[in-house]
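All remarks here apply to the structure that follows.
Letters go in sequence order (proteins before strands), and every chain restarts at 1.
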Amino acid sequence: MQPLTNRAQAVNRAPLTWWERIYLPAIIGGMAITLKHFFKKKPTINYPEKTRPFSPVFRGLHILNRDEQGRENCTACGLCAVACPAEAITMEAAERLPGEEHLYREEKYAARYEINMLRCIFCGLCEEACPKDAIYLSETFAPSDYQRKQFIYAKNDLLIPHPEKEPEAYKKALGNRAGKKRSEIG
Amino acid sequence: MSRPVQYNPKVKFQGIPEGYMGEGFMATSFEKVVSLARKNSIWPLPFATSCCGIEFMATMASHYDLARFGSERVGFSPRQCDLLMVMGTIAKKMGPVVRQVYLQMAEPRWVMAVGACASSGGIFDTYSVLQGIDQVIPVDVYVPGCPPRPEAIIDGVLKIQDLVHAEGLRRRNSDQYKELLAGYGIQ
Amino acid sequence: MPIMSEDILLPEGAGEKQTTTLNLGPTHPATHGVFQNILELDGERILKATSTVGYIHRAFEKIAERRPLYQITPLTDRLNYCSSPINNMGWHLTCEKLLGVQTPKRVDYLRVIIMELARIADHLICNSIVGVDSGAYSGFLYLMQYRELIYEIYEEVCGSRLTTNIGRIGGFERNFTNTAFEKLEKFLKEYPEQLNEFEKLFKRNRIFMERTIGCGPISAERALNYGFTGPNLRAAGIDYDVRVHTPYSSYQDFEFTIPVGTTGDCYDRFLVRQQEMWQSLSIITQAYKKVQEFKGQEAEVYHADTPAYYLPEKKDVYTKMEALIWHFKIIMGETAIPPGEVYHAVEGANGELGFYLISDGGRTPYRLHFRRPCFIYYQAFPELVEGGLLSDAIITMSSLNLIAGELDA
Amino acid sequence: MSQLTNEQIRVALIDKFGDVFTEWSEPLGMLTFAAPKDMNLKVLQFLYDEESLSFRFMTDLQAVHYPDRIGEELCVVYHLHNMRDNVRIRFKVYTDVQAPDVFSTTALFAAANFMERETYDFFGVNFVGHPNLIRVLNVDEMDYFPLRKEFPLEDQTRVDKDDEMFGR
Amino acid sequence: MFLSIDLIYILEKLILIVIIVSISMVVAMYTTLAERKVAAFIQDRRGPNRAGPFGLLQPLADGLKLFFKEEIIPMFSNKFLFVLGPGLAMLTALMTSAVIPWGSKLELFGREISLQIADINIGILYVFGVVSLGVYGIIVGSWSSNNKYSLMGGLRAASQIISYELALGISLIALLMVTGTLSLKEMVLQQQEGYWNIVYQPLGFFLFLVCTFAECNRTPFDLPEAENELIGGYHTEYSSMKLGFYLFAEYINMFISSAVMATLFFGGYDIPFLDESTLPVNVAGVLGIVALFLKIAFFLFLFIWVRWTIPRFRYDQLMGLGWKVLLPLALLNMFLTGAAILFFDK
């Protein structure tokens, strides 16, 4: 068949020379390479003791955000559940009652918010879909466990610690982004 | 679009379920030695069907090196392995094969479902995919993620190690275990 | 206690049969998961092979009929999971073709960088697995270290390592960070060295050459007839490359050659993939240079200006009503999709990865068909291995780079 | 590079077969047409053999289910490629879902083997003359053709789903 | 005379046997660890390091685990042969150690103890005989497994060992022509006085080395096991300690082969550039053992190093190499040696 383009370039398939035919040069060359690696610095990360830095946009375990006064941001609009290709998010909305303004930022809130981590594929579409700055994926990977029922993460497990009641834990959740203003992070 | 929060500090973890533990304070030191040995010599059988298998390769490779836990002798013969790692989607066509492999393994055997597909079917809630391998074989540890990072897979292996360590020598003869297997129709 | 022969029920005619039937797979280590091959063996020579597939059939095409366009991206991740970005981009390009979205040059070049990285990640796995299946394991781990680096770049850009879900219709979800470019530079600097070393381990090693030369060959005519594409077709001697024939994502701006083989055997496939990795490296270098040439406002462009399909910025969503409405419309999949049908192909790591999308104007595709190169060329497998030895079949299988996810969809 | 235009292909086809073709269109530049289903093999053979056309590469073959088009519910779509001139065409045949018989093209394209099996598997199109028309992806015991529009996607045994609110 | 058996002599030999067998076992055990560690280092990894310091307890853990694993004997297999297989493999692997001179001698409790279990004058023939028996373990096990992969592994092992034994034997004949003795002890003594045999027989050594790789089923000749082709080859169906025996036998074989190589070509317990007779007997004995073990360690490392570097042959290529290359080379070597001896002796 004639060439279809003018960019074809045949690969080098030269037959073996006599020198190469006696097996040894390639074997010895290979052994030299492997010996070189023997003395090389190992890139291994001793995982449980040391961790590899995750990228700041890593898509791990979800976290439900609160605002500075500790009110939940989520308004139960349901966009995350719609966007979820795995249908892993279940939520029930409820109206905010008078006197609950310190708990919820919007008039509606998620009374129940569950994510099935075994279904979740960590695609990040929920984070993208959220119009209320409420759900984020974090740099924590979801830990393994022994029983399937353990993987339904309820609202309690997902909410970020309260910034006033548990300032320590809240700070930990913010990580090294604590102290930066929202606008700086963008 | 970077995010204002970084970690979820409230990761959930429940201890080893009942029915696994050794004989409590009755456990002899011999039993302890054996479970210690088992713990450090878990030979995995990678039942890698799709994406998670690729991450398992990364777990085996230089950066993560599963060998550190004594688990690098990846056997492909079910007779020789201790840990069945089911990685990737198991379709209904594959289900009987997984079960067969499990049956061929020698006791004590453990099963780890790696990734969303093996654990629950993941996004593939379809007519052709088994919604979790626990429909055909008992699973000891589930690793979420699609696919899980190598760290998460190692975390799963560590959980298995804890389980192996805690498990009594005689658990495999217990009524509870037999009941579990009978629940899956395994003699 | 020896078992008497009458205790064992033999199949009809087993006594006279001079051949062995061997079941290779689905859990055989070399089938990389999920292919079953029933081989009829005479000694170790394969007389007849019958392949069965479908062990991880996941009904992608059916799922796709229930999902708005952007939700199909995670599905495409799981087609050829060794190079998911190519699938993602292929899908976005298909959508853009249907929706009539024009992407800026910078987006094209960034896409090219990501796609070529994915091609390298895929080819390096394939080639090193050929090494593993021929018994040499170390080369595999040497190259895997650099795949980690590629994954780090992905992670920096999109937040995930393997199933990337990278890119959106119209561009990327965020701009590349400096860290990503630094890692890319590191990769460009270190990888060629390692690739050279890998070639030294295998390319002229007589044991490896004898294992692969003449193993699973296919002629150009047969390859075409079997619908081979990608490196496997090029190894047979046909310089067909979608990137050159129907350039997408500004591939026409790059200088690269198409490596072709002559006999289509495993060695040719190995060499073609090896050469393609070098070509990819050169394309990435060119693309990176072009990306760096964008200055000022232009250097911030990472998506097309299509408010109907690309999500508005988050801070606008929080504050502006109009942005919020668009946001809702896009997420709910209510933005207008023109009815029509489109076939778009990209050069996937395994060959022409095509998307045939029929839209009836609804929120989801009416029908979406993936042209999966693996699925099409796997049917040639029996023809490739018949007459060879068992070991040949295994090398052939790994050098075809069969990816179960793509094959079974 | 491309000397072969869509118009030429169209003229060549009409010259050869007369006016049997329907649905001529060019969505996004790709020539698309449909033919009566008995003629599919003849048309493909002509496209393959004719030197000026030489569509010798079968890119893709699958089917679409249109439940609303009574009498021609199933549409088998062929994508062909002429690599020399780099032209692609799309060719369709329609068939009745009650008697979905279409001639198999395996004799012409070896590539069609699995693709026809897949189409049979998904839609139940009966390819007459196919050497081994059995299911390829699904289990052999399956008694329906899952990609037809009337069949549900979900696995009916799933128990952990609870999304009445967003019931899809 | 006949009845007055030297009981202490028997005791001494028994103790020696126990020591040597257990040393072989320990060395084999730690060779498994070494294999894993060296493989890891070659591949830029760390290797097992959780069980004990630097993973030193890893082999113990593996052994203990295998010991307590369920035994599965497949249906439709010949149970007697199925159990016999690994036992035979282990036994033959250990038997060879009897004729290897592990050191010169030690003086303990006023007795002079020779560090060789049996100084039979046809030592090499014994080694040959036992090594050829070794393949029976594999064949018996593979046949009785009633598994096609196993059977293929067994067949490959049989044909491979038969083919390479020829070249091995002929390469040794050339060596024997140089040394003029079949006793291993005497060969070592000769080398202690003169040069190592490698000087006289470089080609012979090379052939011997290659054939030893084949005899031990090590890469590039590991076709009987060939993970990626035959899953586990002959031991596919084995679980628990029977598998352990097979894996162990391979490492013991490696150890013994290294010892044989060191003895035949590298002077055994001879320390280069040192006149042992100037040292006290015990010091010389201990140093000799150390020297021998260092040589063995080098060969073991070589085994492992090669395994993790090069790909394996295909079955027919392996046969071709054995019959068309190694055998003629061995014959040529024998011919040349003969000619040289004839020439120089005159």
Side-chain angles (χ1 to χ4, degrees), chain C residues 50-59 61-67 97-98 100 221-229 233 238-240 242 244-246 338-345 352 354-356 358 360 366-380 383 407-409, chain D residues 1-2 25 27-30 32 48 56-66 68 75 77 79 81 83-90 92 106-119 121-123 132 134-140 142 146-149 151-155 168:
Chain C
T50 317
S51 19
T52 314
V53 296
Y55 283 99
I56 63 162
H57 173 52
R58 296 177 280 192
E61 294 173 10
K62 189 80 176 177
I63 300 177
E65 290 175 12
R66 309 290 176 93
R67 299 268 187 271
K97 201 169 173 183
L98 179 71
E221 282 70 33
R222 281 312 277 168
L224 269 187
N225 203 255
Y226 264 122
F228 273 48
T229 40
L233 179 69
I238 294 175
D239 52 338
Y240 173 67
V242 186
V244 175
H245 278 77
T246 3
E341 46 191 311
V342 53
Y343 176 84
H344 184 76
E352 179 174 332
F355 297 86
Y356 177 43
I358 302 179
D360 62 349
Y366 185 76
R367 166 108 171 96
L368 175 61
H369 179 78
F370 303 101
R371 185 210 187 261
R372 292 111 53 201
C374 267
F375 180 71
I376 293 167
Y377 65 65
Y378 183 58
Q379 48 193 319
E383 191 175 305
L407 202 152
D408 288 345
Chain D
M1 183 163 77
S2 164
S25 63
L28 296 158
M30 193 190 277
T32 306
Y48 189 98
R56 295 192 180 140
F57 187 80
M58 178 178 272
T59 308
D60 202 3
L61 184 165
Q62 27 65 52
V64 190
H65 186 207
Y66 296 104
D68 298 338
C75 167
V77 186
H79 280 89
H81 193 177
M83 280 193 179
R84 190 189 58 205
D85 298 317
N86 196 22
V87 181
R88 292 171 193 270
I89 53 169
R90 186 183 294 133
K92 298 175 173 179
T106 38
L108 199 56
F109 298 104
N113 189 333
F114 267 26
M115 294 197 266
E116 284 181 356
R117 276 175 70 185
E118 188 196 24
T119 310
D121 191 349
F122 285 168
F123 293 94
N132 182 25
I134 52 170
R135 286 185 186 272
V136 59
L137 295 177
N138 286 305
V139 284
D140 293 337
M142 202 172 212
L147 252 76
R148 289 192 185 169
K149 291 282 177 191
F151 293 109
L153 160 73
E154 279 83 10
D155 177 67
R168 273 175 284 201

In terms of the angle between their ring planes, are D:His81 and C:His245 parallel, tilted or perpendicular, with boundaries placed at 30° and 60°? perpendicular

Winner by heavy-atom pair count (cut-off under 4.5 Å) against chain C, out of D:Phe109, D:Phe57, D:Phe122: D:Phe57

Chain D heavy atoms under 4.5 Å from C:Ile376: which part of the residue, side chain, backbone, both or neither? side chain

Options D:His79, D:Met58, D:Met30, ranked by heavy-atom pairs under 4.5 Å with chain C, top entry: D:His79

Would you confirm whether D:Glu118, through its side chain, and D:Val136, through its main-chain N or O, come within 3.5 Å as a donor-acceptor pair? no

Can you tell which part of C:Thr52 gets under 4.5 Å to a heavy atom of chain D, answering side chain, backbone, both or neither? neither

Sequence neighbours left out, what passes salt bridge (charged side-chain N to carboxylate O under 4.0 Å, His left out) with C:Glu65? Give chain and number order. D:Lys149

Under 4.5 Å from any heavy atom of chain C, what part of D:Ser25 do you find: side chain, backbone, both or neither? neither

Donor + acceptor pair across side chains of C:Glu341, C:Tyr366 (<3.5 Å): no

Under the salt bridge (charged side-chain N to carboxylate O under 4.0 Å, His left out) test, which residues partner D:Arg148, sequence neighbours left out? none

Is it the case that the ring center of C:Phe355 lies less than 6.0 angstrom away from the ring center of C:Tyr343? no

Contact class of D:Val77 relative to chain C, heavy atoms under 4.5 angstrom: side chain

With a 4.5 angstrom heavy-atom cut-off, is it the side chain or the backbone of D:His65 that approaches chain C, or both, or neither? backbone

Contact class of C:Ala380 relative to chain D, heavy atoms under 4.5 angstrom: neither

Note: vs chain D, highest number of non-hydrogen pairs under 4.5 angstrom among C:Gln379, C:His344, C:His57 is C:Gln379

Residue part contacting chain C, namely of D:Arg90, when any heavy atom lies under 4.5 Å: side chain

Among D:Leu28, D:Asn138, D:Thr59, which has the most heavy-atom pairs under 4.5 Å with chain C? D:Thr59

Under 4.5 Å heavy-atom distance to chain D, tell me which part of C:Ile358 shows up: side chain, backbone, both or neither. side chain

Between the CZ atom in C:Arg372 and the CG atom in D:Asp60, the distance rounded to the nearest 0.5 Å is 9.0 Å

In terms of heavy-atom pairs under 4.5 Å with chain C, which of D:Gly29, D:Ala112, D:Pro146 leads? D:Pro146

Counting distance only, does the side-chain N/O of D:Asp121 pair as donor-acceptor with the main-chain N or O of D:Asp140 below 3.5 Å? no

Side chain, backbone, both or neither: which part of C:Tyr240 has a heavy atom under 4.5 Å from chain D? side chain

To the nearest 0.5 Å, tell me how far C:Leu233 CG sits from C:Glu352 CD. 10.0 Å

